[in-house]
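None of these values were measured; they are calculated from a predicted model. All values below come from the heavy atoms of this structure, side chains included, with hydrogens, waters and symmetry mates left out.
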Amino acid sequence: MTTPMPDLLPDDVLAETNDVPDPMELLEFQAERLKERTQGRLEVELPVTTSDDRHVIRFVAVVVSHDYRSTIFEVHYRPGLLLPASFVPPEPFPAFLREKYTIPAMNSVISNVMSASRVLNTPRTVQNPWVANTPVEFRDKLQELLSSQEVKAQLAALLSMARRPPNAA
Amino acid sequence: MARFLFWNLGGLVDHRTIVPLLQDGRFDVLVFAECEFDPELLAFDLSQSGARSYAPSVGATIRLRVISALGEGFIREVYSNATGRLSLRRIRLGAGEIGLAVVHLKSPVGNWDTRELDGEAQRVATELWQQADLAGLEHLCVLGDFNLQPFDYGLSSAHGFFGLMTKESVRIGERTVQGRRFRPLYNPMWGCFGDRTAGPSGTFHLKDSSPLCYDWHMLDQVLFSEGILPLLVDPGTILSELGGQTLLDAKGRPNRQYSDHLPIAFELNLPTGDVGNQEQ
């Protein structure tokens with residue numbers, strides 16, 4: 001009697017690929033929805049830039065009336081393979097716009113020197129919470145990103161701009 | 001004449017430190033990186049105590065702050081990127097229109113190596129030209145803290161900012177590399193290195209124990225597209241004093257009371273007059 005050959009392929013990734021949209025389709029759909037939900041005051045462009053090691057899709061919100069553009073976030077990936085992908089979220093608010101923040105105990109000059117020294121002398125583990133390996137992770141992280149305070153504030157600011165008359169410049 | 005200043009303030013928290021340096025109203029546009037204070041406060045104090053009226057130029061990028069005496073109608077942000085490391089403004093002076101791109105690229109302190117920093121410069125340079133083309137801005141000044149030297153790949157290669165060291169090289173125009181066309185920029189900061197030129201030897205001083213240590217670094221730079229060249233009065237100067245105050249310490253290095261970077265300035269032959277007070 002021969003032992004049946006085992007199917008070693010993982011269930012989760014293969015199954016979920018059937019149910020979850022492709023990352024690019026997902027981005028394009030969010031772009032369409034943003035236009036619809038703002039009655040066309042905001043549109044989205046998805047330009048791709050390339051460098052030696054990666055491609056970058058930028059989610060660029062356009063205030064149509066002002067011809068103003070602002071990249072809300074970026075998606076970095078290897079040429080030709082959209083997964084894994086890494087989201088680059090918007091910059092965090094500066095101290096004066098945060099409801100709560102921590103001031104380092106040491107002055108910035110000393111702490112900068114200290115951190116530089118640590119970087120040079122000590123191996124560190126860097127964790128990137130914005131890396132998506134599967135379509136499901138891509139969908140979930142995109143949802144988390146679009147719900148972040150920074151993205152919501154940026155969209156609110158752009159909608160506010162759209163309500164004002166365009167500047168002459 | 002239109003005078004521009006860029007200064008990485010190194011996290012300066014109290015704007016009052018630099019009010020006396022800038023209140024002579026010499027500059028039309030002030031651009032700051034690592035500015036931890038609200039620029040509205042600086043604009044207000046400069047206007048109160050100084051020779052001219054300044055206002056913040058509204059922009060989405062918090063990392064890069066712009067204060068201007070030109071008036072809102074004459075300088076306006078047309079693009080900002082997600083990380084706040086690139087902001088593009090349209091400036092209208094007289095009959096002319098130029099693009100002012102301000103950058104603050106990633107610092108090498110952290111987990112990025114030189115190759116990644118060069119890659120980031122490539123991406124930002126490509127992004128800049130894409131957005132400038134969309135905004136119809138043909139003539140560009142690109143200003144800021146690049147965290148790279150003029151000779152680094154990301155600054156000098158055609159895949160990056162393509163910053164060349166002579167105007168003549170830029171006047172030759174676009175270059176085609178493997179079928180892709182690239183527009184060069186003039187980077188005058190090549191000519192500011194070392195002690196054989198007037199002014200400090202770089203914009204940032206860092207001495208460490210590595211075998212390759214330049215001591216002085218030219219991290220803060222300004223680059224110009226071909227169309228700007230006829231307008232250049234002062235293509236780029238590292239400032240060692242402002243408002244009659246030296247910015248250097250006893251060793252001739254940046255005085256950290258102000259910042260660990262020195263400011264750079266440039267001047268264009270564009271009419272400013274009293275544009276800030278004109279009706280549009």
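- Top candidate by heavy-atom pairs under 4.5 Å with chain A, chosen from B:E120, B:E77, B:R85, B:R63, is B:E77.
- In this structure, A:E74 and B:R123 have side chains that are not in contact, with every pair of non-hydrogen atoms separated by 4.5 Å or more.
- The backbone N or O of B:I62 sits less than 3.5 Å from a side-chain atom of A:E91, completing a donor-acceptor pair.
- Counting heavy-atom pairs closer than 4.5 Å to chain A, the top residue among B:V13, B:L206, B:I91, B:T83 is B:T83.
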Exercise for review: Dump the intermediate steps for side-chain contact (heavy atoms from CB on, under 4.5 Å) on A:R69 and B:N81, then the final yes or no.
Suggested key: CA-CA 8 Å; A:R69 288 170 171 80; B:N81 81 347; over 6 Å; no
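- In this structure, A:Q127 places its CD atom where only 12 or fewer heavy-atom neighbours from other residues, nucleotides or ligands lie under 6.0 Å away.
- Counting all heavy atoms, side chain and backbone alike, A:Y68 lies closest to B:Y79 at CE1-N, 3.7 Å.
- Summarising the local packing, CZ of B:F44 is surrounded by 12 or fewer heavy atoms from other residues, nucleotides or ligands at distances under 6.0 Å.
- Residue A:H76 touches chain B through its side chain alone, counting heavy-atom pairs closer than 4.5 Å.
- Contact annotation for A:E150: neither backbone nor side-chain heavy atoms come within less than 4.5 Å of a heavy atom of chain B.
- Taking 4.5 Å as the limit, every side-chain heavy atom of B:V58 sits out of range of all side-chain heavy atoms of A:M161.
- No salt bridge links A:D67 with B:R76; every basic N to acidic carboxylate O contact stays at or beyond 4.0 Å.
- In this structure, A:Q143 places its CD atom where only 12 or fewer heavy-atom neighbours from other residues, nucleotides or ligands lie under 6.0 Å away.
- Surrounding CZ of B:R175 are more than 12 heavy atoms belonging to other residues, nucleotides or ligands, all under 6.0 Å away.
- Counting heavy atoms from C-beta outward, A:V60 and B:Q130 have side chains that stay 4.5 Å or more apart.
- Residue B:E97 does not touch chain A at all, counting heavy-atom pairs closer than 4.5 Å.
- A:D53 places a side-chain heavy atom less than 4.5 Å from the side chain of B:R115.
- At a threshold of 4.5 Å between non-hydrogen side-chain atoms, the residues B:Q131 and A:R58 count as touching.
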Practice item. Run the numbers on B:E127 and A:T71 for side-chain contact (heavy atoms from CB on, under 4.5 Å), then give the verdict. Key: CA-CA 10 Å; B:E127 182 180 349; A:T71 295; 4.1 Å; yes
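- Using a 4.5 Å heavy-atom cutoff, the side chains of B:T126 and A:T50 are not in contact.
- Only the side chain of A:P47 comes within contact range of chain B, with heavy atoms under 4.5 Å apart.
- A:Q30 CD: more than 12 foreign heavy atoms inside a 6.0 Å radius.
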